[in-house]
Amino acid sequence: MYDLLVVGGGAMGGALAVGMGGAEGGPRSIAILDHTPAKAQAIASMLPAGAAVNTLEPAEVYLLAVKPHHMRGVLSSLPVGAKAISVAAGVRLEQLKSWAPSGCEVVRAMPNTACEIAAGVTAICGDENDGALIARAKELFQLVGEVFVIAENQFDVVSALSGSGPAYVFLLIEAMQEAGITLGIPASVSLDLARATIRGAGMLADSKRVDPRSLRLAVTSPGGMTAAAIAVFEELGLRHQTLAAVKAAAQRAQVLSAHADE
Ligand SMILES: NC(=O)C1=CN([C@@H]2O[C@H](COP(=O)(O)OP(=O)(O)OC[C@H]3O[C@@H](n4cnc5c(N)ncnc54)[C@H](OP(=O)(O)O)[C@@H]3O)[C@@H](O)[C@H]2O)C=CC1
Ligand SMILES: O=C(O)[C@@H]1CCC=N1
């Protein structure tokens, strides 16, 4: 029996398998199942104890990392009594449980792709009577970053913040690079500057653990360059845009949930 079987060797399943498989004290054996065997094999080859499999072989825990509309098919094929963790956006516990065979336990997790390098953030939720599986999910996801156990009614907003969040930061890196290029900096230098700046700012915010506003003010000399830039961001509505974007992502979760039922 495998300690963990990851179904779906795409962006998220791959990141989790690589992150968990490479972590000290992680699952001793990880199997990966994907529609495309070569994808599963590529992931397995990166792990000390990884195997690509072609069917749902016995496993202590099944980590389901397929798209929301594939979740019903995968859950209904699980063995009776299986323990499963779904990372699908939007798809609710009630739906997941209704598709799984009898005696299965299912909880939800919302990781992000930084789990691949053990710098992820994962939210977990489950029903009260699934405490043991919630605890196991917590152990697994703590191998690859920070974990928050939250109520399911907060899951869509949390998913929109930390699940999708890396993409917002990558968009900012792209935008900073493009600004540099437009203003005369070579593309590679501009990208290196943007990337290193985001890394340093993230690390500083994380290590200081203070209100990010105070970190911002420390950069923003009155009447200086940064103040000129921040004034433009505020005038163009960065905060409003961010709220609208996070809201759009959270609302999309409801559509994904409805489509998963079809
Ligand atoms: N990407 C991210 O940052 C995050 C994603 N998620 C969630 O993770 C899930 C996966 O997303 P993501 O990794 O981006 O998607 P991908 O499309 O990259 O990966 C999904 C993989 O699963 C395969 N697959 C689908 N059905 C089966 C099946 N029955 N058996 C075996 N393999 C199957 C797909 O193959 P094929 O392409 O041939 O269908 C594909 O390779 C989604 O539910 C998403 O909501 C959650 C948090 C963050
Ligand atoms: O975009 C998506 O739907 C998934 C969920 C969070 C990140 N990626």
Side-chain angles (χ1 to χ4, degrees), residues 2 4-20 30-44 51-57 59 62-79 82 84-93 95-96 99-101 106-117 119-125 137 140-141 144-148 150 152 154-171 245-262:
Y2 291 101
L4 187 69
L5 194 155
V6 180
V7 185
M12 197 62 248
L16 289 172
V18 169
M20 290 177 183
I30 299 188
I32 301 108
L33 171 64
D34 194 275
H35 274 155
T36 309
K39 268 195 202 175
Q41 276 151 13
I43 297 165
V53 292
N54 297 317
T55 55
L56 286 165
E57 296 200 13
Y62 294 87
L63 182 52
L64 310 182
V66 299
K67 293 286 189 201
H69 63 278
H70 284 143
M71 201 48 85
R72 185 180 196 151
V74 173
L75 268 160
S76 60
S77 321
L78 287 179
I85 304 169
S86 161
V87 302
V91 190
R92 298 186 311 279
L93 286 169
Q95 292 174 287
L96 298 165
W99 300 330
V106 191
V107 300
R108 292 179 66 184
M110 178 49 58
N112 66 26
T113 49
C115 289
E116 180 169 351
I117 56 160
V121 183
T122 302
I124 292 174
C125 73
L140 285 168
F141 283 96
V144 290
E146 286 192 51
V147 173
F148 298 83
I150 61 166
E152 190 174 30
Q154 299 172 345
F155 222 72
D156 291 345
V157 174
V158 169
S159 303
L161 277 178
S162 59
S164 302
Y168 314 156
V169 177
F170 301 140
L171 179 64
V246 171
K247 224 171 172 179
Q251 283 168 354
R252 184 69 191 159
Q254 289 167 24
V255 178
L256 296 176
S257 165
H259 283 170
D261 265 331
E262 288 163 6

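As the structure is a computational prediction, the values presented were derived from the model and not from experiment. Note that ligands are numbered from 1 as they come in the structure, with each ligand's atoms numbered from 1 the same way. Numbering starts at 1 and runs along the sequence shown.
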Is_contact(atom 2 (C) of ligand 2), protein non-hydrogen, under 4.0 Å: no
Atoms of ligand 1 close to L33 [distance to a heavy atom under 4.0 angstrom, numbered from 1]: 31 (C), 32 (N)
Contacting atoms of ligand 1, where contact means under 4.0 angstrom from a heavy atom of A65: 9 (C), 10 (C), 20 (C)
Contacting atoms of ligand 2, where contact means under 4.0 angstrom from a heavy atom of A89: 5 (C)
Protein contact to atom 13 (O) of ligand 1 [nearest heavy atom, distance to 0.1 Å]: M12 N, 2.8 Å
Part of M110 with heavy atoms under 4.0 Å of ligand 1, whether side chain, backbone, both or neither: side chain
Atom 45 (O) of ligand 1: the protein heavy-atom neighbour that sits closest, reported with distance to 0.1 Å: A89 N, 3.0 Å
Those atoms of ligand 1 less than 4.0 Å from some heavy atom in D34: 21 (C), 22 (O), 23 (C), 31 (C), 32 (N), 34 (C), 35 (O), 40 (C), 41 (O)
P68: numbered ligand 1 atoms lying under 4.0 Å from its heavy atoms: 42 (C), 43 (O)
Backbone or side-chain N or O of N112 under 3.5 Å from ligand 1 N or O: no
Nearest non-hydrogen protein atom, atom 41 (O) of ligand 1: K39 NZ, 2.5 Å
Electrostatic pair E152-R92, nearest N-O below 4.0 angstrom: no
Q95 side chain vs S257 backbone, donor-acceptor pair below 3.5 Å: yes
pair T122-C115: side-chain heavy atoms closer than 4.5 Å: yes
Whether R108 side chain and V91 backbone form a donor-acceptor pair below 3.5 Å: yes
Proximity of H35 to ligand 1 by residue part, where a heavy atom lies under 4.0 Å: both
For atom 7 (C) of ligand 2, closest protein heavy-atom neighbour: G163 O, 3.5 Å
Atom 22 (O) of ligand 1: nearest protein contact (heavy atom, Å): G8 CA, 3.2 Å
Protein contact to atom 11 (O) of ligand 1 [nearest heavy atom, distance to 0.1 Å]: K67 NZ, 3.9 Å
Least distance between heavy atoms, L56 atom then S77 atom: CD1-O, 3.4 Å
Protein contact of atom 3 (O) of ligand 1 - nearest heavy atom, named by residue and atom, plus distance: T113 CG2, 3.4 Å
Min N/O separation V7 to ligand 1 under 3.5 Å: no
Backbone or side-chain N or O of P111 under 3.5 Å from ligand 1 N or O: no
Heteroatom proximity flag, V74 to ligand 1, N/O under 3.5 Å: no
Protein contact to atom 42 (C) of ligand 1 [nearest heavy atom, distance to 0.1 Å]: V66 O, 3.2 Å
Which residue and heavy atom of the protein sit nearest atom 19 (O) of ligand 1, plus the separation: G10 CA, 3.2 Å
